[in-house]
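In what follows, a single structure is set out as structure tokens and then discussed.
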Amino acid sequence: MGQFSPTPHDPDARGHFGPWGGRFVPEALIAAVDELATEYDKARVDPDFVNEFQRLLKDFAGRPSLLTEAPKFAEHAGTRVFLKREDLNHTGSHKINNVLGQALLTKRMGKKRVIAETGAGQHGVATATACALLGLDCVVYMGEVDTERQALNVARMRLLGAEVIPVKSGSRTLKDAINEALRDWVTNVDDTHYLLGTAAGPHPFPLLVRDFHRIIGIEARGQILEKAGRLPDAVVACVGGGSNAIGIFHGFIDDPDVRLVGVEPGGAGVETGSHGATLTAGTPGSLHGAMSYVMQDEDGQITEAHSISAGLDYPGVGPEHSHLKDIGRAEYFPVTDAEAMEAFALLSRTEGIIPAIESSHALAGALKLGPSLGPDGLLVVNLSGRGDKDMDTAVKYFGLADGGQA
Amino acid sequence: MSLVSDVFATARAESRAALVGYLPAGFPTVSGSKAYLRSMVEAGCDLIEVGLPYSDPVMDGPTIQAAAEQALSAGFRVRDVFDVVSAVADAGGRAVVMTYWNPVLKYGVDAFARDLAAAGGLGLITPDLVPDEADDWMAASESHGLDRVFLVAPSSTSERIAMTARASSGFLYATAVMGVTGARDVVSSSAPELVARVREHTSIPVGVGLGVRSGAQAAEIAGFADGVIVGSAFVSAVAEGDSAVRALAADLAQGVRSAAAAV
């Protein structure tokens with residue numbers, strides 16, 4: 001099956017996955033999301049578009065990404081573990097897949113300006129990269145708190161020619177960066193595409209972001225069959241907005257014996273209220289253009305998420321994940337900041353791979369899941385990004401500058 | 001005919017536009033917002049838009065964002081909006097509530113409609129709810145006799161304008177510019193064109209908002225629209241006190257009555 005083939009899991013014409021998704025946006029944006037949906041419908045069956053996208057994935061992003069067995073890490077998990085190496089993509093994470101696809105769509109629509117939000121900075125860097133490559137103007141909104149904890153990525157974006165605007169409203173993190181990007185979009189929609197970085201937002205974003213990331217699952221399925229001779233017992237991925245997870249899940253969604261496991265940011269522990277585990281502890285609501293589980297108080301005010309990982313620090317989640325949870329096709333559980341940092345250090349030490357803190361949540365999930373599968377079990381973990389950007393956090397967390405050892 | 005339609009019919013009978021004034025409930029406090037809204041009614045606002053402060057107001061510019069944050073920090077609760085609506089009704093005013101959709105979803109769409117109607121509110125303006133997603137609200141507004149004010153924008157297609165007008169009652173809210181709320185120096189040139197396009201499809205009254213702050217601008221808009229909607233300018237006036245709020249309302253009320261001179 002091709003990356004852009006329709007699936008039985010596509011949303012309805014108005015973007016609903018069961019009761020989730022849809023379009024909860026100002027009327028002023030409806031024309032733009034309609035245009036995007038129409039353009040994507042044409043592009044996904046246009047060989048020129050598909051070929052150009054695949055050429056960029058291969059010659060620019062460096063796909064296919066490897067599937068690496070992690071035997072020494074696996075000793076700690078108690079089961080066999082393979083890592084899907086999205087960290088090896090150009091710009092260091094899975095984000096480049098979606099960004100290249102949407103940047104090509106931007107060109108097709110004749111728009112010259114791209115805006116994006118970013119949390120950890122991975123999506124912002126990827127967007128700035130694609131805009132440099134394809135000659136598009138780029139503005140990235142980033143919460144002021146995140147510009148401080150991810151200063152290196154701010155510098156990267158600026159080097160790539162993007163304008164980075166620190167967002168000072170609300171909690172000054174990812175959700176507020178999205179609010180500000182939406183305000184820019186509603187003002188400049190004629191010449192601007194909003195290059196949304198996760199599989200959330202109004203239709204068609206959850207569909208097209210998922211489709212651009214389906215390559216992860218398609219590759220991983222072929223690679224695990226080749227290397228292990230069978231399908232895995234479970235595929236494990238971290239879930240903030242949920243784009244890397246939905247991308248790898250879709251490669252296995254029609255394999256009923258493969259469990260799809262999403263690992264959420266448990267922060268200081270879900271019981272403390274200081275976390276970002278939307279599917280575990282959220283309730284239905286509309287945020288940033290779609291119905292999904294959200295973190296909110298009893299008045300429907302969106303609450304702040306907390307995670308050591310800026311990329312997972314988000315009180316919403318993509319609508320298809322809400323659907324997969326409800327129908328029981330995927331399962332979701334949280335791991336804490338401490339568990340994620342332990343997995344971060346463990347993979348670095350045992351396998352020589354420094355993972356992103358986001359991806360370390362998936363690794364921590366694998367450590368929890370592994371013992372129940374036993375030595376004959378088989379896990380594929382989506383290593384969605386590399387940890388270079390997180391060294392500042394790691395230095396502080398482990399006291400590495402003072403001779404500390406992780 | 002609903003009471004909101006009645007506001008516009010009365011204004012039309014007087015050969016003028018209706019003045020619609022916005023202030024968030026709970027800004028700067030719940031009791032403060034009641035007092036300022038009473039002043040707005042007394043000084044000439046024909047219809048009051050009571051805003052519901054929300055954590056993620058994507059259609060609002062810095063002025064209303066800051067007001068919403070202040071109201072929430074001061075402890076505003078969603079149920080307080082009904083109290084504020086009652087106060088407007090007690091002052092002889094007519095009130096609709098302008099709210100992002102998530103707080104209504106969380107309260108329960110039918111329960112919110114029931115409590116709003118009981119408080120004397122006349123309807124809802126829904127900036128991030130389009131009719132396509134509004135099945136529950138259509139049903140709740142019917143059963144509780146409330147008006148549904150949806151928005152149209154310069155980017156709306158003719159098909160969507162027609163569909164949105166059919167789904168609306170009371171009046172239709174036309175956003176004068178592509179953008180968020182906030183006072184602007186000049187009236188957008190896209191506003192008259194949008195209103196003209198709306199009139200091709202419907203006879204429902206059309207209110208124009210986004211960016212209006214002076215009597216002169218109100219007069220200009222009153223020349224082509226049925227209602228002039230003013231929000232951020234009232235929020236800014238609150239910082240200067242009650243006399244500034246009354247003076248702004250009076251200036252705007254005169255503006256909507258001097259359209260003939262302006263045209």
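Below, read A as the first sequence line, B as the second, and so on, with proteins coming before strands; counting in each chain starts at 1. All values below were derived from every heavy atom in this structure, side-chain atoms included, with hydrogens, water molecules and symmetry-related copies excluded.
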* Asked: Taking atom OH of Tyr100(B) and atom CD of Gln301(A), what is their separation to the nearest 0.5 Å?
  -> 12.0 Å
* Structure fact -> From the list Asp184(A), Leu182(A), Val186(A), side-chain contact (heavy atoms from CB on, under 4.5 Å) with Val180(B) holds only for Val186(A)
* **Side-chain donor/acceptor of Arg183(A) to backbone N/O of Gly61(B), under 3.5 Å** => no
* To do: Take Glu180(A) and Val58(B) through the side chain to side chain contact (heavy atoms under 4.5 Å, CB included) test and state the conclusion after the steps.
  => CA-CA 7 Å; Glu180(A) 209 53 39; Val58(B) 297; over 6 Å; no
* Asked: Which atoms of Thr303(A) come close to chain B, meaning under 4.5 Å heavy atom to heavy atom: side chain ones, backbone ones, both, or neither?
  -> neither
* Structure fact -> With chain A, the option among Pro127(B), Pro62(B), Ala66(B) that has the most non-hydrogen atom pairs under 4.5 Å is Pro127(B)
* **Region of Val189(A) that comes under 4.5 Å of a non-hydrogen atom in chain B** => side chain
* To do: Under 4.5 Å, counting heavy-atom pairs only, tell me which of Val294(A), Ile30(A), Ile178(A) racks up the most with chain B.
  => Ile30(A)
* **Value rounded to 0.5 Å, distance of OG1 in Thr126(B) from CZ in Phe24(A)** => 11.0 Å
* To do: Please flag which part of Thr175(B) lies under 4.5 Å from any non-hydrogen atom of chain A: side chain, backbone, both or neither.
  => neither
* Quick one: are Met59(B) and Glu27(A) in side-chain contact, heavy atoms under 4.5 Å? -> no
* Measuring from Leu129(B):CG to Ser286(A):OG, what's the distance to the nearest 0.5 Å? -> 8.5 Å
* Could you tell me whether Arg14(A) and Asp132(B) have a side-chain N and a carboxylate O separated by less than 4.0 Å? => no
* Asked: Non-hydrogen atoms of chain A under 4.5 Å away: do they reach the side chain of Tyr107(B), the backbone, both or neither?
  -> neither
* To do: Identify which part of Asp190(A) has an atom lying under 4.5 Å from any heavy atom of chain B, answering side chain, backbone, both or neither.
  => neither
* Which atom of Gln65(B) lies closest to which atom of Ser169(A), heavy atoms considered -> OE1-CB, 3.7 Å
* Contacting moiety of Pro53(B), where chain A heavy atoms sit under 4.5 Å -> backbone
* Asked: Between Asp299(A) (side chain) and Val78(B) (backbone), is there a donor-acceptor pair under 3.5 Å?
  -> yes
* Which pair of non-hydrogen atoms, one from Ala31(A) and one from Ser155(B), has the smallest distance, and what is that distance? -> CB-O, 3.4 Å
* Structure fact -> On a heavy-atom basis, the closest approach of Ile302(A) and Ser55(B) is N-OG, 2.8 Å
* Asked: Is the shortest distance from a Lys or Arg side-chain nitrogen in Glu298(A) or Lys106(B) to a carboxylate oxygen in the other one below 4.0 Å?
  -> no
* To do: Output, in order, the C-alpha distance, side-chain angles, deciding distance and verdict of side chain to side chain contact (heavy atoms under 4.5 Å, CB included) for Asn102(B) and Leu287(A).
  => CA-CA 7 Å; Asn102(B) 196 53; Leu287(A) 175 65; over 6 Å; no
